[in-house]
Student: 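For reference, the structure I am asking about is given below.
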Amino acid sequence: MNIFDFKMVMGQRPGGEEAPREKVIRPGKPRGGPVTRVLVSLLVTLVFGSVYFYFKLPALNIHNRELYSFVILLCVVFSVCMVLLQGFRAGSVKEYMTYTKKNLAVPLILLILAVVVIIAGSLFGLVIFRAKAYSELMPMNTGDFASEVSEIGWNQIPLLDENSANNLANRKLGELSDLVSQFAVDDSSAQINYQGHPVRLNYLNYNDFFKWWNNRGDGIPAYVRIDMRTQEVEVVRLEEGIKYSPSEYFSRDLMRHLRFSYPTLMFDDVNFEINDDGTPYWIASVIEKRIGLFDGTDISGAVLVNAVTGETEYYDIEDVPTWVDRVYSADLIVAQYDYYGEYHNGFWNSLFGQKDCTETTDGYNFIAQDDDVWVYTGVTSVTGDRGNIGFILVNQRTKEAHYYSCAGAEEYSAMSSAEGAVQQFSYGATFPLLLNISDQPTYFMALKDAAGLVKMYAMVNVQQYQIVATGNTVADCQKRYHELLVENQILSDEEIKEPEPEEKAVSVSGKVEEIRSADMDGNTVYFLKLEKGKVYYMVSAKDYPMAVILDAGDHITITHYPTEDELIEAESFEMK
């Protein structure tokens, strides 16, 4: 070989310049035949899809966006496997790409179809095209507040918000050494009606995986029930433990149990409730999409899961048992009303002119009525002023909705008024509860100190929020509120209604052991403790002047309504 031939072989021209090289694809060795490669790719995709489904649990429903994302992901996994297994078999990039597209035609078509369905389905549900359908998600009835919202006695008013209930539940669990080391109270508590009374429920979670491992055979042995009237906390122990819950693992995980039982159903909130016998259930609301392919979220029914046995049963919305209180979540109810308030006069009106456009205020609360739980929230103009034009009540089981026209203060203005009435204590007000007090829409709220403990109560008139009554007890607060209604000529003495409490008054007699007094709103109130007693009875000098001359050792009789409070308002007082 001469030097010329040697340089050409080495890629150089005879003058020392490099000769141009051809683009050559080095052929790779394919791994198996075509059928083998497809089968292996399918197997890998199937394993990946099974693992993904087990942990992510997407509903196999055409109205579920996650299903199409799942399909796209499977197509990508299959395609990557095919590319890795087939090797480089073409002599050029163009030939290789042609060969690859031919072998991956099916997954590519599925991927494109999934993307097209997501885009088209989303477009068909845009509010600009379907404003009327969005506004009709929640049929709204106009109601009369005084006749439709019943008055309740002061000893039936729910006194606890969610944070206070959680604190009480954690404190109670901390007293039980056999439970506190293994379980933790869940952060959320659900308000329901139980045997005609408003209560809050907290379920327990395993503290960690190892606590689950040690207790999985017996399950979670109890739940916490809190009476919202008396603030009494009870840890309800079960004969057989809860074996299906959010803190379980593997097949007993609540959402996995639901998904494997109903692979096509889409679920909204899953709530913890008890039936009239105290048996714990999970109430899983079933979603339907009423606008386009993916929008217009509503509820079509519910799946009831026995938390102990895992037995499940589906009910259409009209057949859900009456003991169930929460099927429609408060967030869904608020969202549906906002659609109604904003779009009932059309999409363009919501942007220009905004005639009769309304929206809910920030926050909501719950009212127990007719053995159901109703969501309350205020309604205000979209212009963002500081006043309400009305409010809505919506049944969480049936979605029966009522609008009540009532111009007045929005909730946070009322909270500020209540806090201002006791500004010397720096108490914070809870989000208000709407009550009917002598046919007057009234905000009721608890006043809490920096530690989160309830110290006082306040009532604020919705229409005239400068009328604020406070008291150390609910009865005292309501009495003062009635006095203010009369003083401000909103009602006469004859129009004041004193609802009869459900429980009858009881009488106690004994010798006075201790006497204390305090000035409250310009009136002297005496706090009397009887011998061998643990509570103080509150007697107003204004109502009972003879209390001024009381001495320790005097014998008295006091009538009051049953309560768990340590300060009890006297309904009647007699010296002997």
Side-chain angles (χ1 to χ4, degrees), residues 42 45-78 106-127 129-130 133-134 136-138 244 246 248 250-271 281-305 310-320 324 326-329 331-333 335-336 339 396-399:
L42 285 174
T45 304
L46 178 62
V47 171
F48 175 87
S50 299
V51 173
Y52 182 92
F53 182 84
Y54 186 83
F55 287 101
K56 293 295 185 178
L57 305 172
L60 305 181
N61 189 304
I62 62 171
H63 297 285
N64 181 25
R65 278 192 178 92
E66 292 181 6
L67 173 63
Y68 299 93
S69 300
F70 185 37
V71 171
I72 291 173
L73 186 59
L74 294 181
C75 291
V76 170
V77 172
F78 179 84
V106 173
L108 285 175
I109 290 172
L110 288 176
L111 189 150
I112 293 171
L113 283 175
V115 172
V116 169
V117 170
I118 291 175
I119 295 174
S122 300
L123 288 175
F124 292 152
L126 288 178
V127 69
F129 305 124
R130 307 295 302 277
Y134 277 97
E136 293 174 347
L137 286 172
M138 177 180 286
Y244 294 83
E248 285 283 349
F250 308 116
S251 61
R252 278 171 27 186
D253 173 81
L254 177 61
M255 293 310 300
R256 187 167 293 118
H257 180 65
L258 281 167
R259 175 57 61 231
F260 287 168
S261 300
Y262 301 91
T264 63
L265 296 185
M266 297 182 292
F267 297 107
D268 189 28
D269 279 358
V270 181
N271 306 307
Y281 278 84
W282 299 101
I283 313 299
S285 304
V286 178
I287 291 174
E288 66 172 341
K289 301 293 185 176
R290 293 175 50 188
I291 301 174
L293 195 60
F294 305 120
D295 299 291
T297 301
D298 206 358
I299 304 298
S300 61
V303 173
L304 274 58
V305 184
E311 295 177 356
T312 64
E313 188 167 358
Y314 171 81
Y315 293 89
D316 288 328
I317 194 65
E318 61 272 11
D319 299 325
V320 172
V324 174
R326 302 172 68 217
V327 179
Y328 292 87
S329 69
D331 290 335
L332 177 61
I333 287 171
Q336 288 193 351
Y339 285 136
Q396 283 196 278
R397 178 173 58 87
T398 65
K399 206 177 74 170

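FYI, the numbering just counts along the sequence from 1.
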Student: To the nearest 0.5 Å, tell me how far Leu304 CG sits from Glu313 CD.
Tutor: 7.5 Å
Student: Side chains of Arg290 and Thr297: do they bring a donor and an acceptor to under 3.5 Å?
Tutor: no
Student: Taking all non-hydrogen atoms of both residues into account, name the closest pair between Ala284 and Val270 and its distance.
Tutor: CB-CG2, 4.0 Å
Student: Check for a donor-acceptor pair, side chain of Asn271 on one end and backbone N or O of Arg326 on the other, with a separation under 3.5 Å.
Tutor: yes
Student: Looking only at atom types and distance, does a side-chain atom of Arg256 sit under 3.5 Å from a main-chain N or O of Phe55, one as donor and one as acceptor?
Tutor: no
Student: Would you say the ring centroid of Tyr52 lies under 6.0 angstrom from that of Phe70?
Tutor: yes
Student: So Leu332 and Ile299, do their side chains get closer than 4.5 Å, heavy atoms only?
Tutor: yes
Student: With side chains defined as the heavy atoms from C-beta onward, is the minimum distance between Leu113 and Tyr68 less than 4.5 Å?
Tutor: no
Student: Please give me the minimum heavy-atom distance between Glu288 and Ser300, naming the atom from each residue.
Tutor: CD-CB, 3.9 Å
Student: Give the minimum heavy-atom separation between Phe294 and Val117, together with the two atoms involved.
Tutor: CE1-O, 3.8 Å
Student: Would you say that Glu136 contacts Tyr339 through its side chain, given a criterion of any heavy-atom pair below 4.5 Å between the two side chains?
Tutor: no
Student: For residues Tyr134 and Ile291, determine if any side-chain heavy atom of one lies less than 4.5 Å from a side-chain heavy atom of the other.
Tutor: yes
Student: May I ask you to check if Arg397 and Tyr328 form a cation-pi contact, with NZ or CZ under 6.0 angstrom from the six-membered ring centre and within 45° of the axis?
Tutor: no
Student: Side-chain contact, heavy-atom cut-off 4.5 Å: Leu74 with Phe48?
Tutor: yes
Student: Write down the atom of Gly121, the atom of Asp295, and the distance for their closest heavy-atom approach.
Tutor: O-OD2, 4.3 Å
Student: Within a strict 4.5 Å, meaning less than it, do heavy atoms of the Val303 and Tyr315 side chains meet?
Tutor: no
Student: For Glu318, is there any backbone N or O sitting under 3.5 Å from a side-chain donor or acceptor partner on Asp316?
Tutor: no
Student: Look at the side chain of Ser285 and the backbone N and O of Asp268, then say whether any donor-acceptor pair between them is shorter than 3.5 Å.
Tutor: no
Student: Just so I know, are the side chains of Ser122 and Arg65 near enough to count as touching, which here means a heavy-atom distance under 4.5 Å?
Tutor: yes
Student: Does Asn61 use its side chain to pair, donor to acceptor, with the backbone of Thr264 at less than 3.5 Å?
Tutor: yes
Student: Under the ring pair (Phe, Tyr, Trp, His ring centres under 6.0 Å) rule, collect the residues that match up with Tyr244, sequence neighbours excluded.
Tutor: His257
Student: For the residue pair Ala302 and Ile283, what are the closest heavy atoms and their distance?
Tutor: CB-CG2, 4.3 Å
Student: How would you list, by chain and number, every residue that makes a side-chain contact (heavy atoms from CB on, under 4.5 Å) with Ser251, sequence neighbours excluded?
Tutor: none
Student: Do you know the tightest heavy-atom contact between Gly292 and Arg130?
Tutor: N-NH1, 3.5 Å
Student: Apply side-chain contact (heavy atoms from CB on, under 4.5 Å) to the pair Val71 and Cys75, showing each step before the final yes or no.
Tutor: CA-CA 6 Å; Val71 171; Cys75 291; 4.2 Å; yes
Student: Is Lys399 salt-bridged to Asp298, going by a charged N under 4.0 Å from an acidic O?
Tutor: yes
